[in-house]
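For reference, the structure is listed below as structure tokens.
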Protein chains: 2
Amino acid sequence: MMTVSRVLRGAPDVSDATRERVFAIVDRVGYVPNQAAQSLVSRRSRIVAAVVPSIGNAMFAETLHGMSDVLRAEGYFLVVAHSGYSPREEHAVVKALLGQRPCGVFLHNTVHRAETVALLRKQRIPVVETGDLAARPIDSVVSYSNFRAGRAMTEHLIGRGYRRIAFASALRRNNDRVHERRRGYHAALKSAGLRRDPAMEFEGDPDPVVGARLLHAIVDGSPDVDAIFFASERLAIGGYFEAQRMGLAVPGRVAIAGFDFYEATSQVLPAAITTIVTPRHEIGVVTARLLVDRLRDGSDAPIRRDLGFELAERGST
Amino acid sequence: MMTVSRVLRGAPDVSDATRERVFAIVDRVGYVPNQAAQSLVSRRSRIVAAVVPSIGNAMFAETLHGMSDVLRAEGYFLVVAHSGYSPREEHAVVKALLGQRPCGVFLHNTVHRAETVALLRKQRIPVVETGDLAARPIDSVVSYSNFRAGRAMTEHLIGRGYRRIAFASALRRNNDRVHERRRGYHAALKSAGLRRDPAMEFEGDPDPVVGARLLHAIVDGSPDVDAIFFASERLAIGGYFEAQRMGLAVPGRVAIAGFDFYEATSQVLPAAITTIVTPRHEIGVVTARLLVDRLRDGSDAPIRRDLGFELAERGST
DNA sequence: CTGAAAGCGCTTACAG
DNA sequence: CTGAAAGCGCTTACAG
């Protein structure tokens with residue numbers, strides 16, 4: 001039994017002849033070691049737990065994809081769960097996942113309940129957060145800055161000569177990402193000497209239908225609006241087509257900017273939508289590498305990685 | 001120790017006073033039972049393994065989302081991995097996942113290597129496949145019929161008076177879903193007395209840029225084409241905008257039909273794209289329920305569920 | 001280079 | 001209603 005264990009773990013001190021016999025038999029009988037027993041006795045699992053707000057959301061799915069690419073190659077497993085954007089559910093999910101004794105935890109969210117933070121800290125395992133470059137992460141953080149991205153887009157619009165810039169986003173409650181984008185929008189307005197106007201700020205479910213409704217409401221309510229920064233791509237796409245339906249030229253009558261890469265936005269006609277491209281896949285890859293490296297080294301120094309973003313200037317602004 | 005075990009599993013035969021003491025202490029110290037030990041001794045894990053072609057693809061992510069909704073509520077965990085559309089990698093991934101001794105396996109694919117089928121059958125655990133209503137599944141199958149969907153869309157086009165209908169899809173190799181859609185296309189042509197024309201069939205990476213290129217090639221190469229059935233939504237969206245760029249009226253000059261729900265296709269102007277809406281989320285929910293029910297009953301009767309599809313008729317046809 | 005002993009953290013099955 | 005014994009399938013640490 002010990003010899004099989006050694007061979008499968010690639011330990012030295014096994015004769016070539018024995019090694020080959022073991023491999024042959026393992027192959028023939030289709031033996032796959034029981035990971036539960038392995039992790040019980042070795043006191044380390046190969047399970048990484050990931051909690052995202054929604055598994056079905058392509059943005060988060062892309063990051064999970066990146067993680068999976070690396071973890072699979074390194075012999076780790078990815079257990080996923082979603083919180084439905086609720087800190088309360090996040091806590092319940094994290095607690096349940098800890099029953100698997102994961103060797104690392106990934107949270108696509110940086111706003112947690114105090115008890116969730118305490119629970120995770122107590123585990124003494126690496127925890128990586130993303131979603132925003134949080135000022136005070138639980139442990140490590142791999143992200144881009146929503147504040148800087150929101151500011152960059154607003155500066156872009158100002159640079160193009162727009163002065164009455166509306167801001168429309170997903171619901172801000174419990175959503176640090178959106179909150180930070182809005183802070184960036186405010187910061188850019190301020191440095192340009194433009195006044196913030198609460199009547200130019202909107203939020204709603206991030207759905208194209210809502211985006212359409214918001215665009216309509218904004219243009220009707222503030223006829224002097226000359227640009228709309230949709231800090232959510234699904235709102236942007238809905239707003240874009242609503243502008244077409246209303247016969248408003250984009251960007252002639254109103255410029256439209258989005259946030260995040262949503263494939264269709266680069267395709268739409270007559271003008272593709274200017275947006276912020278975030279490194280979704282890379283965040284997953286870097287997170288997984290960081291976890292794997294730390295488990296190998298046994299290091300526990302928190303890591304902070306800003307992977308940046310790109311402002312894709314297109315015809316809509 | 002036994003008493004704590006009983007209380008946490010909700011076993012009877014514990015006095016109320018003891019039960020309360022146990023809960024109080026468990027809460028205070030934040031005790032979460034080690035699932036590895038549980039599954040080792042009880043010989044049943046609470047892990048469901050899911051393999052999809054690509055985690056980042058929104059279609060598959062939506063099904064995983066549905067599974068996660070149910071599994072989480074029932075106390076199960078979802079371990080996900082992707083095969084990159086490769087049967088060889090699928091085999092490696094399935095084998096690795098079996099090390100977790102999952103209580104059930106989900107495969108978003110119905111074309112496997114013989115050794116993968118054999119390996120899974122040997123485990124004596126429920127296996128659910130989806131992607132297509134496979135004729136000979138490993139065990140259970142929860143899906144819709146790509147053949148019927150492909151036929152229904154082609155019949156729709158014929159019913160609208162189109163006669164020279166091109167078919168463009170993702171690469172067919174190792175992709176039963178696309179293969180079946182094409183069979184449905186052929187069946188509909190045949191019942192309508194229309195001739196199949198190999199020069200009207202195309203495949204390529206399912207990317208909007210490829211869709212644009214294909215539309216261009218089809219219209220140039222077969223000037224008499226009057227409809228294009230893109231059996232992949234990302235191709236459809238690319239083709240749709242390319243038609244606009246080329247100044248071709250849709251559907252006046254050429255009708256365009258898609259496959260699968262891709263949010264933007266319901267938004268585009270001037271005409272939304274006719275498509276097949278598949279029950280992605282429901283497939284996940286039904287799959288998870290089926291797994292949970294079977295584990296509870298101990299039944300091992302294979303189940304076959306056809307969840308159907310909807311043909312969403314829109315302006316583009 | 002190979003193997004026997006001990007034990008990871010639980011639950012099953014049995015005794016009281 | 002409560003608890004002691006045995007053991008799940010492995011690896012660690014030690015002996016030869």
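Every chain is numbered from 1, with letters handed out A, B, ... down the list of sequences.
- A donor-acceptor pair shorter than 3.5 Å cannot be found between the side chains of B:S86 and B:S83.
- With rounding to the nearest 0.5 Å, the separation of NE2 in A:H108 from CG in A:D132 is 10.5 Å.
- To the nearest angstrom, C1' of C:dC10 lies 18 Å from CD of A:Q38.
- The ring-ring contact (aromatic ring centres under 6.0 Å, His included) check on B:F77 picks up nothing, with sequence neighbours excluded.
- Heavy atoms of B:N34 sit under 4.0 angstrom from primed sugar atoms or phosphate atoms, though from no base atom.
- Summarising the geometry, the separation between CG on A:L8 and C1' on C:dT2 is reported as 16 Å, rounded to the nearest angstrom.
- Counting only heavy atoms from C-beta on, B:R6 has its side chain closest to D:dG3 among D:dG3, C:dC10, D:dG9.
- Side-chain contact of B:R177 with B:N146: a donor-acceptor pair under 3.5 Å is absent, judged by distance alone.
- Between A:H65 and A:H281, the two ring planes are tilted [angle within 30° to 60°].
- Between the side chains of B:N109 and B:E129, not a single donor N or O lies within less than 3.5 Å of an accepting N or O.
- Rounded to whole Å, atom C1' of D:dG9 lies 17 Å from atom CD of B:Q35.
- The listed nucleotides are D:dT11, C:dC8, C:dC1; the one nearest the side chain of A:M1 is D:dT11.
- Take A:R72 and apply the salt bridge (Lys or Arg N to Asp or Glu O under 4.0 Å) test, not counting sequence neighbours, and it matches B:E89.
- Among the atoms of the strands shown, only primed sugar atoms or phosphate atoms (P, OP1, OP2) are found under 4.0 Å from some heavy atom of A:T18.
- Map B:D16 and B:S42 each onto its nearest nucleotide of DNA chain D; the residue landing nearer the 5' end is B:D16.
- Not a single salt bridge (Lys or Arg N to Asp or Glu O under 4.0 Å) links B:R88 to another residue, sequence neighbours left out.
- Both B:R9 and A:R43 lie close to DNA chain C; mapped to their nearest nucleotides by heavy-atom distance, the more 5′-ward contact belongs to A:R43.
- Base pairing in DNA chain D yields stems of at least 3 consecutive Watson-Crick or G-U pairs, both distances under 3.5 Å, namely C:1-3 with D:14-16, C:5-12 with D:5-12, C:14-16 with D:1-3.
- At least one side-chain nitrogen or oxygen of A:T3 sits closer than 4.0 Å to the OP1 or OP2 atom of C:dG3.
- Each salt bridge (charged side-chain N to carboxylate O under 4.0 Å, His left out) pair with one or both residues in residues 113-128 of chain A, not counting sequence neighbours, appears once here: A:R113-A:E115.
- Note that the CD atom of B:E282 and the OH atom of B:Y144 stand 13.0 Å from one another [nearest 0.5 Å].
- Atom CZ in B:R44 sits about 11 Å away from atom P in C:dT11, given to the nearest Å.
- Residue B:S5 has a polar side-chain atom (N or O) positioned under 4.0 Å from OP1 or OP2 of C:dT11.
- Within residues 23-31 of chain B, the residues that place at least one heavy atom under 4.0 Å from DNA chain C are, in residue-number order, B:Y31.
- Between the P atom of C:dT12 and the CG atom of B:D13 lies a distance of 14 Å, rounded to the nearest Å.
- Side-chain proximity of B:V41 to C:dC1, D:dT2, C:dT11: nearest is C:dT11.
- Relative to the side chain of A:M2, the nucleotides D:dT12, D:dT2, D:dG9 differ in distance, and D:dT12 lies closest.
- Taking atom CG of residue B:L40 and atom C1' of nucleotide D:dA6, one finds them 13 Å apart after rounding to whole Å.
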